[in-house]
Colleague: 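Have a look at this one before I ask anything.
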Amino acid sequence: MLPTASKGRGYSGSRPAPIFAPYLRRIIKWQQMDIEYTFWQMLHLCTSPKVVYQHTKYHKQTKNQWARDDPAFVVILCLFLVFATSAYCAAYGASFSHGALTVFSVVFVHFILAGAILATICWFLTNSYLREEPNSHVVEQRVEWLYAFDVHCNSFFPAFIMLYVIQYFLSPILVAHGFIPVLLSNLLFMVAITYYNYLNFLGYDVLPFLDRTTFFLYPIGLAIILSPLLILIGYNPTRHIMSLYFS
């Protein structure tokens, strides 16, 4: 159970304007984006994610903020989503208008809007319940909202590889009827959800002023419990999600 939020804690430590203003300006300036470092992060999020968050500590030391000041990761991930969703639309015979609507919903609703909601929930929980009590000799620190969104984006990328790229190539098998497609589909989703939450945990565990960050590992247990049950009842998440977009 989470402890009660301490009263009298204002959010004076969070100053989004100085962070958001340059971040948003750089979205339209490709020459200011560090594309090479972004691809390095994406690779290591899939192979050795702790290295990525070790670099987050260096970023805090040099830029005095935990959040990225470079929107390259979000921009490139959005482009990947556009390409992957377009491939699904082409493979499953969606019309141009239906394909455009699908791409829009995946990028702006499923990734950005849902990510913003999840980031806001994590930002609120960490600042309200998981921060260590500061002593009089330490400057009070808070989780930046933009950092919470960064954590979501980091966690989302390996899930994107599994549920958009790998699932695309396996979709002829996964959408078929039978036990094997149900088994493979549930295992794929379980691994993706588990890894997403593990990276979410790493993102908050690296912050030295947070405590009890194992709270973010709890959904992994739920995924491991539900997966065998869904397999037993014959539920195929790939077929279900594909049926929402394509007949």
Side-chain angles (χ1 to χ4, degrees), residues 16 19-20 23-24 26-27 33-63 65-84 106-127 130 141-167 188-210 213-220 223:
I19 298 177
F20 276 105
Y23 185 89
L24 294 175
R26 292 180 67 176
I27 288 180
M33 296 185 189
D34 193 342
I35 306 299
E36 182 179 353
Y37 180 60
T38 297
F39 283 120
W40 179 89
Q41 286 181 308
M42 289 179 168
L43 173 63
H44 283 80
L45 284 170
C46 297
T47 57
S48 51
K50 290 184 178 180
V51 175
V52 176
Y53 284 112
Q54 187 64 41
H55 278 251
T56 300
K57 293 181 180 179
Y58 303 149
H59 182 80
K60 171 63 175 176
Q61 294 169 1
T62 56
K63 300 294 183 70
Q65 68 181 51
W66 292 99
R68 296 187 186 101
D69 57 355
D70 185 357
F73 195 99
V74 176
V75 172
I76 292 175
L77 186 48
C78 285
L79 291 176
F80 282 167
L81 284 168
V82 169
F83 294 145
V106 167
V107 174
F108 292 100
V109 178
H110 295 172
F111 174 53
I112 295 179
L113 180 60
I117 293 173
L118 288 172
T120 302
I121 293 172
C122 293
W123 169 78
F124 173 77
L125 289 175
T126 50
N127 283 321
L130 301 182
Q141 297 189 72
R142 294 183 177 276
V143 178
E144 305 150 1
W145 185 90
L146 193 56
Y147 179 76
F149 187 71
D150 281 346
V151 172
H152 162 72
C153 293
N154 290 346
S155 304
F156 185 88
F157 179 72
F160 161 79
I161 296 297
M162 286 181 267
L163 299 183
Y164 285 80
V165 180
I166 295 177
Q167 183 173 243
L188 184 63
F189 272 80
M190 184 189 71
V191 172
I193 293 171
T194 297
Y195 201 64
Y196 175 92
N197 285 280
Y198 172 66
L199 291 187
N200 216 36
F201 158 73
L202 289 181
Y204 294 105
D205 190 57
V206 76
L207 302 181
F209 55 91
L210 292 184
T213 52
T214 51
F215 168 77
F216 292 103
L217 294 175
Y218 293 166
I220 295 178

Colleague: So, for Ala148 and Ala119, which heavy atoms are closest and what is the spacing to 0.1 Å?
Modeller: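 Smallest heavy-atom distance, with atoms named: CB-O, 3.5 Å.
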Colleague: Return the minimal non-hydrogen interatomic distance between Pro71 and Asp69, and the atom names on each side.
Modeller: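 Distance-wise, the nearest heavy atoms are CD-O, 3.9 Å.
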Colleague: Enter the distance from Cys46:SG to Met162:CE here, rounded to the nearest 0.5 Å.
Modeller: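 Answer for the SG-CE pair, Cys46 versus Met162, is 7.5 Å.
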Colleague: Testing the basics here: between Val75 and Met33, what is the closest heavy-atom pair and its distance to 0.1 Å?
Modeller: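 That would be CG2-CE, 3.9 Å.
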Colleague: Checking Thr56 against Trp66: is there a side-chain donor and acceptor pair closer than 3.5 Å?
Modeller: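 No, no side-chain donor-acceptor contact under 3.5 Å.
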Colleague: Mind checking the OG1-CE spacing from Thr47 to Met42? Nearest 0.5 Å is all I need.
Modeller: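 One finds 13.5 Å between OG1 of Thr47 and CE of Met42.
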Colleague: Can you say whether the rings of Phe156 and Tyr164 are parallel (under 30°), tilted (30 to 60°) or perpendicular (over 60°)?
Modeller: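 Tilted: the ring planes of Phe156 and Tyr164 meet at 30° to 60°.
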Colleague: I'd like to know if the side chain of Asn127 and the backbone of Val143 have a donor-acceptor N/O pair within less than 3.5 Å.
Modeller: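 Flag set: sc Asn127 to bb Val143 pair under 3.5 Å.
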Colleague: Atom SG in Cys153, atom CD1 in Ile112: separation rounded to 0.5 Å?
Modeller: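 Here the rounded value is 8.5 Å.
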Colleague: Test your reading of the model: is there a side-chain donor-acceptor pair from Asp150 to the backbone of Arg68, 3.5 Å cut-off?
Modeller: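 Looks like yes, one N/O pair under 3.5 Å.
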Colleague: Taking atom types as modelled and ignoring hydrogens, do the side chains of Tyr53 and Asn154 form a donor-acceptor contact shorter than 3.5 angstrom?
Modeller: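 Asn154 and Tyr53 do have a side-chain donor-acceptor pair below 3.5 Å.
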Colleague: Who pairs with His110 by side chain to side chain donor-acceptor pair (under 3.5 Å), at least two apart in sequence or on another chain?
Modeller: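 By the side chain to side chain donor-acceptor pair (under 3.5 Å) rule, His110 matches Tyr245.
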Colleague: Which atom pair, heavy atoms only, marks the closest approach of Phe149 to Ala116?
Modeller: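 In this case the closest contact between Phe149 and Ala116 is CE1-N, 3.9 Å.
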Colleague: Taking the side chain as C-beta and beyond, is there a heavy-atom pair between Phe108 and Cys78 under 4.5 Å?
Modeller: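 The answer is no, as the side chains (C-beta and beyond) never meet within the 4.5 Å cut-off.
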Colleague: Is any side-chain heavy atom of Trp40 closer than 4.5 Å to one of Val51?
Modeller: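 Yes, close enough: below the 4.5 Å cut-off.
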Colleague: Using atom types as modelled, flag every donor-acceptor pair under 3.5 Å from a side chain in residues 196-210 to any protein atom, sequence neighbours excluded.
Modeller:
{"unit_1": "Tyr196", "atom_1": "OH", "unit_2": "His152", "atom_2": "ND1", "d": "2.8"}
{"unit_1": "Asn197", "atom_1": "ND2", "unit_2": "Ile193", "atom_2": "O", "d": "2.8"}
{"unit_1": "Asp205", "atom_1": "OD1", "unit_2": "Thr213", "atom_2": "OG1", "d": "2.8"}

Colleague: Backbone N or O of Leu146 within a donor-acceptor pair of the Glu144 side chain at under 3.5 Å?
Modeller: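 Side chain of Glu144 to backbone of Leu146, a donor-acceptor pair under 3.5 Å: no, none is there.
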Colleague: What's the spacing between His55 NE2 and His44 NE2 if we round to 0.5 Å?
Modeller: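 Reported to 0.5 Å precision, the distance equals 7.5 Å.
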Colleague: Report yes if some heavy atom in the side chain of Phe160 is under 4.5 Å from a heavy atom in the side chain of Leu81; otherwise report no.
Modeller: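 Result yes, sub-4.5 Å side-chain heavy-atom pair found.
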Colleague: Heavy-atom distance under 4.5 Å between the side chains of Phe216 and Thr126, does that happen here?
Modeller: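 Contact flag for Phe216/Thr126 side chains = yes.
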Colleague: What are the two closest heavy atoms between Asp34 and Thr38, and how far apart are they?
Modeller: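 Nearest pair, atom of Asp34 first, then Thr38: O-OG1, 2.9 Å.
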Colleague: Are the side chains of Tyr37 and Asp70 in contact, using a 4.5 Å heavy-atom criterion?
Modeller: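 Heavy-atom side-chain distance check fails, nothing below 4.5 Å.
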Colleague: How many angstroms lie between atom CG of Leu118 and atom OG of Ser155, to the nearest 0.5 angstrom?
Modeller: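 Between atom CG of Leu118 and atom OG of Ser155 there are 10.0 Å.
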Colleague: Begin from the C-alpha positions of Gln167 and Phe189 and carry the test side-chain contact (heavy atoms from CB on, under 4.5 Å) through to its verdict.
Modeller: CA-CA 10 Å; Gln167 183 173 243; Phe189 272 80; 3.2 Å; yes
Colleague: Below 4.5 Å, heavy atoms only, C-beta onward: do Phe157 and Phe73 meet side chain to side chain?
Modeller: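 When only atoms from C-beta onward are counted, Phe73 and Phe157 do touch, with a gap below 4.5 Å.
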Colleague: Can you tell me how far apart CD1 (Ile117) and CG (Leu113) are? Round to the nearest 0.5 Å.
Modeller: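 Ile117 atom CD1 to Leu113 atom CG measures 4.5 Å (nearest 0.5 Å).
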Colleague: With side-chain contact (heavy atoms from CB on, under 4.5 Å) as the test, would you mind laying out the steps for Gln65 and Tyr147 before giving the verdict?
Modeller: CA-CA 9 Å; Gln65 68 181 51; Tyr147 179 76; over 6 Å; no
